[in-house]
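In what follows, a single structure is set out as structure tokens and then discussed.
Residue numbers start from 1 in every chain, and the chains themselves are labelled A, B, ... in the order their sequence lines are given, proteins ahead of strands.
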Amino acid sequence: MTPHTNVPPARDLVVVGNGMVGQRLVEAVRERDPERRWRITVLGEESRAAYDRVALTSYLTGTTADELGLVPEGCYDEHCVLHLGDAAQDIDRVARTVTTASGRTVGYDALVLATGSVPFVPPVPGAGADGCFVYRTLDDLDKIRERAGRVGSGVVVGGGLLGLEAANALHSLGADTTVVEFAPRLMPAQVDQGGGEVLRRRIEGLGLTVRVATATERLEPLDDGGLRMVFADGDVLDTGMVVFSAGIRPRDGLARAAGLELGPRGGVAVDSGCRTSDPAVWAVGECAVVDGSGYGLVAPGYEMAEVVADRLLGGSATFGESDTSTKLKLLGVDVASFGDAHAATPDALEVVYADPVGGVYKKLVVTDDASQLLGGVLVGDASAYAALRTMVGEPLTDTPEQLLTAGPQVSGLDDAAQVCSCQNVTAGTIRAAIHDEACHDVAAVKGCTRAGTTCGSCVPLIKTLLAQSGAAASNALCEHFELSRAELFDVVRATGLRTFSEIIARHGSGRGCDICKPAVASILASLGTGHILDGEQATLQDTNDRFLANIQRNGTYSVVPRVPGGELTPEALITIGEVARDFGLYSKITGGQRIDLFGARVEQLPAIWRRLVDAGLESGHAYGKALRTVKSCVGSTWCRYGVQDSTSLAIMLETRYRGLRAPHKIKAGVSGCARECAEARSKDVGVIATENGWNLYVGGNGGFRPRHADLFASDLTTDRLVVLVDRLLMFYVRTADRLQRTAAWLEALGDEHGDGLAYLHRVLVDDDLTICADLDAAVQRHVGSYTDEWAAVLDDEEKLKRFVSFVNAPGTPDPSIRFVTERGQIRPTAADDDTAAPVTVAGPTLEVVRR
Amino acid sequence: MTSGTVTAPARTWTAVCGYDDLVPESGAPALVGTDQVAVFRTHDGAVYALSNHDPFSTASVLSRGIVGSRDGVPTVASPMHKQVFDLRTGACLDDPEVRVTVYPVRVRAGRVEVGSA
Ligand SMILES: Cc1cc2nc3c(=O)[nH]c(=O)nc-3n(C[C@H](O)[C@H](O)[C@H](O)COP(=O)(O)OP(=O)(O)OC[C@H]3O[C@@H](n4cnc5c(N)ncnc54)[C@H](O)[C@@H]3O)c2cc1C
């Protein structure tokens, strides 16, 4: 039967649940069914289409619901329909229909249940009270965030994987957080007693309280709206809110009511083809129990989705044994377990490395002759996780001691070794993508194979494979330097070379170009080597830095005086207005709360700045890869909602970092309360006032790929905030790539170190690299040596000589620059303007001649 | 020193500035008759002159570009959108269709002189 001559009639597939696995199923069917043999209807209970539940917590630290969305464009259309906010309520297996809460009835030829699971709330009296939450959906997080904003403390019941993640979330929301675990250790399902102990200490070190071996007996409401927890040992704990995260239960209610077979401990029973006791009904994901086992991870769910998709289209795929390895970063602590972590295999041996001081615990489980790796637990340092996991069941290449201390060699990684367990991608698939699809960086491999797109723990391994293939994109700056910008920065800092000629002679080749020259100029400026137009440095600068103004489409420049924090006296405002009027400049308010004056010709710049500098204004560095502005609201000084003086802080920060040259522009914002009027989270550095101090966010930007900044630290004093921003900016200046904003830098740090934010924490707070003193000193040098670039030019005849229209006719304006007026101001002439009568601008005092 | 590829007929020369006024590895704008010319001095002391007109942006800005080399060829990059031009021939190295005018240029008695194109 060829598909084109005898297409079977379209049949109806109904999918209940639009979570991670239900969505995957739809995509898998559509991929395999280009002829559209299946008409698909999806019923989703949540009001939002499928989103990345694995990354749920990032919703609290800046990722938006849209960014978490999983539905690719074009997935749904008239033959593949998604109904949201309408739960399936009843299945009629005889009539083969599903009825929903809103009364909709849909017929099916095949029905797939993908209803996931619900958090288990222990049957403790009072557990349903106001102030009790679960941690599963975006709606749950909205409610938790709202409550945490009002109360100062919270308790998480459950010290497992999800419990610690919830505790992390409460902590990052600023709540004083306690974790209560029934078992004698944290993460009992994943780590052993030793690992649990190291984990507990690391987590307590971060300021959380941990109570293990504690059973909760009841909850009582308090008069102040809080809750009292009473424990089995008689202790009590008063708190503002309680989040239950004590395991999950499959959502099997629909199946139960429809008389389908269930597993012994609940869950919809399915065979290895994921089919239920009714051949027309299938179940996938967390609601399913395959041959007696249920799974609380997304990877096995995805595999089930693929199996069902294959079978719906005539295949015979089966669900194999699934990998339940886990790795996560909790509160900046790496935790991983894989394979037979509890040494359940008969005669298995455990090899343990423990460093309680450094907070590292590693254990490998091997066969009794130490010839094969069976599993392991890593706490505190899980860098070897991705590689070790691929070795489970393989003959050991090194001794277990070597594996524990030096980490595994990955050169011999077999093509069949699974690199990404979330998306089930093997080393062979990644190698093929690198060679056949020309994927030359992690992003390309991710796009091509989906590897590394779920939990990201295999990204270091992908990098290794890229490097081994020789395909890894070179990080050379340009044809003249083999070094990356960060490497070049270190070389310049360490060697003390201070001219481009010396630097390129020793560490590069040729004469440089428009890429490496400005990069070196920026490095020299960051190191504080005097005025950026001194000597040879002038010739390295891009035109904007060269003329300390921003070039516009017709070769004129715009001028932006610094207005720290957006605060401007009437006198300064009048000066700016008078300068604009007298030089005939177009004026516009910028997004950074200052004023941009356009249409200045090169030779006018010194005269314009003479006036501005005389009035006490200084360069705004709008032309530089440097600190731009620190935007602020009026804060508690004026605003009835403000809780801190955001304007004063913004002015202080802008004054502190003005003139700091960086790999790219830096923008900052300070909001005086959680209403966030300064839009601080769209900035590289965002500061938002809290009742107790300041929350610091990093890595936001607007632009082509907008990104919200992530919460880095909470409730800081002003002094502490400044220390952290100092270190953050200086570390960025030293290590980022050329033209890499902080958002991309943070992402790259994440690709390299697992979790960019946690890595930054280790470097800037824990001082793991012992560079904080050096970073602090570098910022001090910057602050101490700041001078206004424009004032310095006005005092220097040599530098002023460059601001001419023509070397042989310094006062003659470039005749090709022409303007017309629009809404009472100038604008450059455009190609379709009536060139017969352009309004020209001429003469030293420049009046706009109106048409 | 002249840019080698242009054979110059009898022409008028305009002195535009002192050779020492040109900073090595950079350009300067000059007015030659009504032509806007960008004069460059490279690290080895050579002098070049191109039309200052950037054919991509149509602004007169090439003299403000960064001077450097590509595969050994002396170059200037437009400050507007960074297209790179060969200082000797005016050829755009990023777009073979595009070329800017080359002007004869020489140094006489410490003065830089540009000839009519
Ligand atoms: C905070 C958190 C962190 C996690 N971290 C990880 C991790 O690091 N690694 C990992 O592998 N897994 C992780 N998980 C688990 C992972 O999210 C789940 O395994 C995965 O979402 C399961 O997908 P699913 O489609 O089966 O269920 P879900 O994603 O829960 O989707 C089920 C959907 O069905 C809907 N539904 C239920 N009943 C009905 C009905 N009657 N009608 C219509 N719709 C219905 C639900 O509302 C829900 O939208 C995490 C989970 C959470 C909550």
Side-chain angles (χ1 to χ4, degrees), chain A residues 478-480 500-501 504-505 508-519 521 533 535-547 549-557 601-603 798-799 801-818 828-831, chain B residues 14-18 21-44 46 52-54 56-85 87 93-94 111-114:
Chain A
C478 64
E479 76 168 68
H480 305 102
F500 181 81
S501 297
I504 197 166
S509 63
R511 289 305 306 170
C513 64
D514 56 302
I515 293 171
C516 58
K517 282 187 166 181
L533 299 182
E536 188 197 49
Q537 271 195 61
T539 67
L540 309 178
Q541 308 292 355
D542 249 327
T543 185
N544 285 3
D545 275 312
R546 182 102 188 267
F547 294 98
N550 291 50
I551 197 165
Q552 304 298 327
R553 58 184 315 130
N554 63 348
T556 61
Y557 289 83
R601 297 189 316 268
V602 169
E603 70 275 17
E798 270 309 302
K799 295 191 175 85
K801 262 171 56 182
R802 299 202 191 98
F803 291 85
V804 291
S805 51
F806 301 106
V807 272
N808 56 342
T812 306
D814 172 351
S816 69
I817 296 175
R818 285 155 177 264
T829 49
Chain B
T14 308
V16 296
C17 62
D21 295 334
L22 292 179
V23 179
E25 295 286 274
S26 71
L31 202 53
V32 178
T34 54
D35 289 2
Q36 297 197 36
V37 178
V39 184
F40 300 92
R41 173 174 163 182
T42 51
H43 67 102
D44 54 2
N52 198 26
H53 180 84
D54 170 15
F56 295 96
S57 66
T58 75
S60 297
V61 293
L62 285 188
S63 66
R64 300 178 216 159
I66 288 180
V67 174
S69 70
R70 183 181 285 185
D71 295 330
V73 173
T75 57
V76 63
S78 162
M80 205 65 87
H81 296 300
K82 313 296 183 226
Q83 292 87 357
V84 169
F85 297 88
L87 286 178
L93 301 181
D94 295 317
R111 303 290 295 167
V112 178
E113 297 180 355
V114 177

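- Using a 4.5 Å cut-off between heavy atoms, A/Leu540 touches chain B through its backbone atoms (N, CA, C, O) alone.
- Looking at A/Pro810, neither its backbone nor its side chain comes within 4.5 Å of chain B, counting heavy atoms on both sides.
- Of all the listed residues (B/Ser63, B/Ala59, B/Pro29), the one sharing the greatest number of non-hydrogen pairs under 4.5 Å with chain A is B/Pro29.
- Atoms CD1 and OG, from A/Ile817 and B/Ser60 in turn, are 7.5 Å apart once rounded to the nearest 0.5 Å.
- Counting all heavy atoms, side chain and backbone alike, A/Thr539 lies closest to B/Ser26 at CG2-CB, 3.8 Å.
- Using a 4.5 Å heavy-atom cut-off against chain A, the contacting residues of residues 70-77 of chain B are B/Arg70, B/Asp71, B/Ala77.
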As a quick check of understanding, evaluate side chain to side chain contact (heavy atoms under 4.5 Å, CB included) for B/Val61 and A/Thr543, giving each step before the final call.
CA-CA 9 Å; B/Val61 293; A/Thr543 185; over 6 Å; no
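- Using a 4.5 Å cut-off between heavy atoms, A/Gln541 contacts chain B through its backbone alone, with no side-chain atom that close.
- For the pair B/Asp44 and A/Arg511, the minimum side-chain heavy-atom distance is 4.5 Å or more.
- Proximity to chain A is absent for every atom of B/Val39, based on heavy atoms less than 4.5 angstrom apart.
- Once rounded to the nearest 0.5 Å, the distance linking CD of B/Glu25 with OG of A/Ser501 reads 7.0 Å.
- The two atoms that bring A/His480 and B/Ser69 nearest to each other are NE2-O, 2.9 Å, heavy atoms only.
- B/Arg64 CZ to A/Tyr557 OH: the interatomic distance, rounded to the nearest 0.5 Å, is 4.0 Å.
- With hydrogens and angles ignored, the 3.5 Å screen pairs no side-chain donor or acceptor of A/Arg546 with any backbone N or O of B/Ile66.
- Within the 4.5 angstrom heavy-atom criterion, atoms from both the backbone and the side chain of B/Val16 approach chain A.
- Within the 4.5 angstrom heavy-atom criterion, no atom of A/Ser509 approaches chain B.
- Between atom OG1 of residue A/Thr812 and atom CD of residue B/Gln36 there is a gap of 10.5 Å, rounded to the nearest 0.5 Å.
- The backbone N or O of B/Leu31 sits less than 3.5 Å from a side-chain atom of A/Asn808, completing a donor-acceptor pair.
- Rounding to the nearest 0.5 Å places CG of A/Asn554 at 7.0 Å from CE of B/Met80.
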